[in-house]
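Below is one structure, written out as structure tokens; comments come after it.
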Amino acid sequence: MTPDQLAAAVRGAVLAAIGDGDLALDPSQVPAEVTVERPRNPEHGDYATNVALQLAKPAGSNPRAVAEAVAARLREADGVAKVDIAGPGFLNVTLDAASLGELARTVVTAGEGYGRIDRYAGTRVNVEFISANPTGPLHLGHTRWAAVGDAIARVLEAAGADVAREFYINDRGVQMDKFGMSLEARALGTDVPEGGYQGAYVDELAQQIVAADPGIVGLPADERLVAFREAGYALQLQQQKDTLDGFNTHFDVWYSERTLHSSGAVDRGFEKLREQGHMFEADGAVWLRTTDFDDDKDRVLVKADGELTYFASDTAYYVDKRNRGFDVCIYLLGADHHGYVNRLRAVAACAGDDPDYNIEVLIGQLVKMFKGGEEVRLSKRAGNIITLEDLVEEVGVDAARYSLIRYPADSPLTLDLDLLVQRSNDNPVFYVQYAHARISSVLRNAGDLGIDWRSADFDAALLDHEREAALLGVIGELPRVVGAAAELREPHRVARYLEELATAYHKFYDACRVLPGADAELEPINVARLWLCGAARQTLANGLAMLGVSAPERM
RNA sequence: GCGCCCGUAGCUCAAUGGAUAGAGCAUCUGACUACGGAUCAGAAGGUUAGAGGUUCGAGUCCUCUCGGGCGCGCCA
């Protein structure tokens, strides 16, 4: 029995009590989804529900009396072994071992589909993250978003959404010219201009550009600058793409700010905003009246000199996303951009959309790295920033991704590199992966012994050990963890869940022998436990996939 | 000055308004001559920064205070 099935049974018991006149409620007052939780304390059974506490007030009764009425019916439900009333009115439910154990079959049968839900079926979501300038390597802040943004996308997909990962290329504006000038200066051996780009990577790019096109240095000055800028843009963008590829983060759309302008999207965006009546002219400039919607000041779209602002691109880009059919546009921004939240929400409202549904701006706090007790600030290649490659070089892709995803994005994060390379419990990615590898080993050994557990009779009722029940209970939580992680855009919940699952497996493994001993016959309990192992392995693998972290069979 | 985020065990951090606030690390004590000891069992560690409030119930929601981070351009 799955938690959802139990929740439905609880709801049925409540409705039955109402039908019998034991609860003075209208059926419409019963929540569509009853909350069923796994109690922290195993003495409280397999599951607990607080319906009685919730319904006591509307029923004009006390929680324990409501609990009595519900418990009496719930005890009759299939698969329910015991129902106790505890504390202020919690119902503690214990399932039959057979009913709980059937979950192992459910999971193994569902395979990679286990944990996938349909909550967001039919919803098109655009997740935009990183969106760096193509003028340098990706830094540590980008890296956090690369991991978290991709994990959010994966979790939303698991929850049924149709998701596009999008990278907005800031390839328009003065920073591009500064980039070109910096490359040119390096190639010609002159000084990098004020505010230009520093770091060894600029030299490398300049050398590559000249090597690929030696004639570039002989071009007229204005053509030469453009040539360096464009060549550097292409190389740097490709480098970012390759880096992200290696980081297991793959974008569906690379959207250039230049094409936003050249395609007429800006004009279409302005048209939309004008229709909605929020544009106005003042002091020779064109404005968007974002103060209609909680922004603290109105924003300029077209400057008095006729130039478009960066904000103009933002508005057009949002409208363009919606025109491309996305229902929900999620933006992941660094903490230094939190001032943009209200104006972006105002953009959506100005476009006639619902800022509480169609747009969502998530703010991520900064990341610091420590090594040897000191903060790491410098990158060999990129000057005074730490790059994605620096982190991966230190700890590997799996540990880097996992460590960045494991914490809520809105809390500042300090990574201790000395711990991340350790293969200890303090480095949970190994703890989780180890559980997967360990199960894989057991299943391999079963195969070597000629045991075909999938074809053997599986008696779920044999899984009645305390730690078997505990493991089954955790396995059963995945779909609900996915639901919470997707709804809250918090993939760290999946990571925390996997750690709990790994712990439950290790405890089970410590107490319960899976394979027959040296001279022992294959018993039904061995088969049942192999099913349980198979279910645990599948659940770990599915969860790790949602984080973009590998599930190794050997370590 | 205004706005956003944060404050939980010595450290790094969990906890969607639910039961005795949980893990890991660090400290101390233990466990296989059979399936991976990268594991498991146990001890110790807390006025959830502080003060009010909302309710059956608050680390969580509201108000204020203190402390820390960040942001407030016709820049991009």
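A, B, ... follow the sequence lines: proteins, then strands. Residue 1 opens every chain.
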Next on the checklist: For A38(B), is there a stacking contact with Phe430(A), counting only centres under 5.5 Å and planes under 30°?
Outcome noted: no
Practice item. Can you label the angle between the Phe293(A) ring and the His278(A) ring as parallel, tilted or perpendicular, going by 30° and 60°? Key: perpendicular
Assert: residue with more 5' nearest nucleotide on RNA chain B, out of Pro516(A) and Val174(A), is Pro516(A)
Whether Tyr317(A) and Tyr255(A) hold their rings parallel, tilted or perpendicular, with breakpoints at 30° and 60° | tilted
Greater than 12 external heavy atoms within 6.0 Å of Asp294(A)'s CG
no
Heavy-atom contacts, protein to nucleotides 66-71 of chain B, under 4.0 Å, summarised as B (base), S (sugar-phosphate only) or - (none) per nt, yield ----BS
With the side chain defined as heavy atoms from C-beta on, His44(A) is closest, among C13(B), G36(B), A19(B), to A19(B)
- Query: Relative to the ring of His139(A), is the ring of His142(A) parallel (under 30°), tilted (30 to 60°) or perpendicular (over 60°)?
  - Reply: parallel
Query raised in the report: Which class fits the ring pair Tyr197(A) and Phe179(A): parallel under 30°, tilted 30 to 60°, perpendicular over 60°?
Result: perpendicular
RNA chain B nearest-nucleotide lookup for Ile363(A) and Ala511(A): closer to the 5′ end is Ile363(A)
- Touch class at under 4.0 angstrom, heavy-atom based, for Cys533(A) against every strand present: nothing
Any salt bridge linking Glu230(A) with Arg258(A)? Criterion: basic side-chain nitrogen under 4.0 Å from a carboxylate oxygen. yes
